[in-house]
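Here the structure comes first, spelled out in structure tokens, and everything after it is commentary.
So you know, we letter chains A, B, ... as the sequences are listed, proteins then strands, and number each from 1.
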There are 2 protein chains.
Amino acid sequence: MAQPKPKPKLAGKTRIQAINEDIILAAALEVFSAFGYRGSTVDQIADRAGMSKPNLLYYFRRKDDIYRAVLEKTLADWLVPLKSLDPTGEPLSEIARYIRAKMAMSRDNPKASRLFANEMLHGAPAIGDFLSGPMKLLVDETARTIKGWIARGQIAAIDPYHLIFTIWAMTQHYADFDIQIRAVLGRNSNHFADAETTIIRLIQDGLRPRP
Amino acid sequence: MAQPKPKPKLAGKTRIQAINEDIILAAALEVFSAFGYRGSTVDQIADRAGMSKPNLLYYFRRKDDIYRAVLEKTLADWLVPLKSLDPTGEPLSEIARYIRAKMAMSRDNPKASRLFANEMLHGAPAIGDFLSGPMKLLVDETARTIKGWIARGQIAAIDPYHLIFTIWAMTQHYADFDIQIRAVLGRNSNHFADAETTIIRLIQDGLRPRP
DNA sequence: TTAATTCTTGATCAAATGGTCAATAGCGTT
DNA sequence: AACGCTATTGACCATTTGATCAAGAATTAA
């Protein structure tokens, strides 16, 4: 159908390309999550990536391209813990699992959380479509699962959407407002574990069906 | 002790000064909360304030001065709803009142919330002292109140600090992630009211002392 | 009214920053 | 070894932006 070796100009990436793009995206996540879009400079990212600015712009032609690439990559990771609700499982332990997964994400990848939060805070100029598309679908599906549990009397009646939002809010808060929490609780406390316990208890006791 | 009319050069503000500083701070809140510190320009603020850039800089000599002034003013408002826990009141209704006050703040003053969130997100470079000072004191006091309730068996045992943080997280989320919530729930829904109901129910049921 | 003070802004500057380009170096394939 | 393609960067450019200044307009106090 095609020539055996048609000079793969636009084909797969070079070894060096793959390596450098990874390096750049990692550096970009560091910088963008710490300073926001406008607060970050291409020079900063290039420094962190250990290469010159023109070289960085050889891989991503515009600052905006870097930002969108790192956002896209980050969002993919971000969605993972949101998919861990099993409709056929036991509701309270499923929700506990959900909270644990989301909390682990905040603990292990706070920069992704902050990048995302910053984007939201400023009106989601780059991911509006994602929010009303894949994100909305996922939330709708999760809400349907919760509605099912409520209908079967397995948990107390509650607005499923706001239940989801509150869980997101609580878990992400520990990544996004890390500074504030540390200022109050001190540097060395492992507040993530305590927070997880508290949140799970609160939600479980708040959802337990009552006669 | 002093002359009757010592040319009050550094004394109180002029009428025009007072007016213009108010106008500038209002414009600055708009702009900074929407675009962040680095994302905002002095020109933008001056435009919104309806005056020339040099004139604005006549009142606040540096961009940083404007930012700090609006942050300080905003933080004052911000603290108000955090003070509405009465140790002698009925715990569950006191906490409901607290949640309502915080939720009203998010609904009526989302820009203040976003300004604050943005500052947190980027490591609180301008208000670190505030966090470990007045803010920490206030949280400690509130935690003491909650501990008292727990000790007297009026509510279930729970980490008071994380209870406070989760309430903050949930209520502020509706201001800071407004875009995301609207993308999922649609533009016209009055989600603040529904969220308030859900949060209060969740927390109250989660805190009710059980035998 | 008048004189001092406060207020306002057009013009301008220097630094920061996103982005380009031409020239060079490195790598992989034959 | 030699050729072609990929990778790299110093130098440079145009624009944006925080900040200054001098000169004039408006306000205030006498």
Side-chain angles (χ1 to χ4, degrees), chain A residues 3-28 30-32 34-71 122 125-126, chain B residues 2-25 27-28 30-32 34-71 122 125-126:
Chain A
Q3 303 95 320
K5 276 189 175 177
K7 271 192 180 177
K9 265 190 177 173
L10 286 174
K13 310 192 169 176
T14 307
R15 183 183 57 93
I16 297 180
Q17 247 169 60
I19 291 175
N20 277 348
E21 286 184 5
D22 277 359
I23 292 175
I24 291 170
L25 289 181
E30 291 275 334
V31 176
F32 281 133
F35 305 106
Y37 181 77
R38 281 287 304 275
S40 305
T41 72
V42 178
D43 273 302
Q44 256 178 314
I45 301 172
D47 273 358
R48 187 136 227 156
M51 65 183 68
S52 67
K53 180 167 64 172
N55 198 20
L56 187 152
L57 290 170
Y58 169 75
Y59 292 101
F60 297 90
R61 297 193 52 186
R62 316 197 155 271
K63 183 187 181 183
D64 201 62
D65 293 344
I66 316 172
Y67 183 67
R68 284 173 191 274
V70 71
L71 245 187
H122 299 107
Chain B
Q3 302 95 320
K5 276 184 179 180
K7 271 192 181 180
K9 264 191 181 176
L10 285 175
K13 309 190 172 177
T14 307
R15 183 182 57 92
I16 297 179
Q17 247 170 60
I19 292 174
N20 278 350
E21 287 183 4
D22 276 359
I23 292 176
I24 291 170
L25 289 181
E30 292 277 331
V31 176
F32 280 133
F35 306 106
Y37 180 77
R38 280 288 303 273
S40 305
T41 71
V42 178
D43 272 303
Q44 258 177 314
I45 301 171
D47 273 358
R48 187 136 228 154
M51 65 182 69
S52 68
K53 179 165 62 172
N55 198 20
L56 188 153
L57 290 169
Y58 170 75
Y59 291 101
F60 296 90
R61 295 193 53 186
R62 317 195 155 269
K63 184 187 182 184
D64 202 63
D65 293 344
I66 315 173
Y67 183 67
R68 284 173 191 272
V70 71
L71 245 188
H122 300 114

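- Taking only distance into account, the side chain of Lys63(A) never meets the base of dG19(C) through a donor-acceptor pair shorter than 3.5 Å.
- If you take CD1 of Ile24(A) and C1' of dT8(D), they are 12 Å apart, rounded to a whole angstrom.
- Per the geometry, CG belonging to Asn20(A) stands 15 Å off P belonging to dG26(C), to the nearest Å.
- Ser52(A) comes within 4.0 angstrom of a base, heavy atoms only.
- At whole-Å resolution of the value, CZ in Arg61(A) and C1' in dC21(C) are 12 Å apart.
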Name the pairs: protein N/O against N/O of nucleotides 21-27 of chain D, kept only if under 3.5 Å.
none

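- One finds a side-chain N or O of Thr14(A) lying less than 4.0 angstrom from the OP1 or OP2 phosphate oxygen of dA7(D).
- For dT9(D), one of the phosphate oxygens OP1 or OP2 lies less than 4.0 angstrom from a side-chain nitrogen or oxygen of Asn55(A).
- Between Leu25(A) and Val70(A) the shortest heavy-atom distance is O-CG2, 3.6 Å.
- Of the residues in residues 35-49 of chain B, those lying under 4.0 Å from DNA chain C by heavy-atom distance are Arg38(B).
- Side chains of His122(A) and Tyr37(A) form no contact here, defined as non-hydrogen atoms less than 4.5 Å apart.
- For the pair Leu56(A) CG and dG10(D) P, the computed distance is 14 Å after rounding to whole Å.
- Rounded to whole Å, the distance from CE on Met51(A) to C1' on dG10(D) is 17 Å.
- Under 4.0 angstrom from either OP1 or OP2 of dT6(C) there lies no side-chain N or O belonging to Gln17(B).
- Put simply, the side chain of Tyr67(B) does not reach to within 4.5 Å of the side chain of Arg62(B), judged on heavy atoms.
- Proximity of Tyr58(B) to the phosphate of dC7(C): a side-chain N or O atom is located under 4.0 Å from OP1 or OP2.
- Atom P of nucleotide dC13(C) and atom CG of Leu57(B) are separated by 18 Å, given to the nearest angstrom.
- Annotation: side chain of Lys63(A) is not in contact with side chain of Ile45(A) (no heavy-atom distance under 4.5 Å).
- Going from atom NZ of Lys53(A) over to atom C1' of dC21(C) covers 13 Å, rounded to whole Å.
- A distance-only check finds no donor-acceptor pair linking the side chain of Thr14(B) to the backbone of Gln17(B) [under 3.5 Å].
- Contact of the Thr41(B) side chain with the Lys53(B) side chain is not registered, since no non-hydrogen atoms from C-beta on lie closer than 4.5 Å.
- Using a 4.5 Å heavy-atom threshold, the side chains of Arg48(B) and Leu56(B) count as separate.
- Tyr59(B) places none of its side-chain heavy atoms less than 4.5 Å from the side chain of Asp65(B).
- Between Ile66(B) and Phe32(B), some side-chain heavy-atom pair lies under the 4.5 Å cut-off.
- The side chain of Arg62(A) places an N or O atom within less than 4.0 Å of a non-bridging phosphate oxygen (OP1 or OP2) of dT20(C).
- Taking atom OH on Tyr59(B) and atom P on dT20(D), their separation rounds to 17 Å, with Å as the unit.
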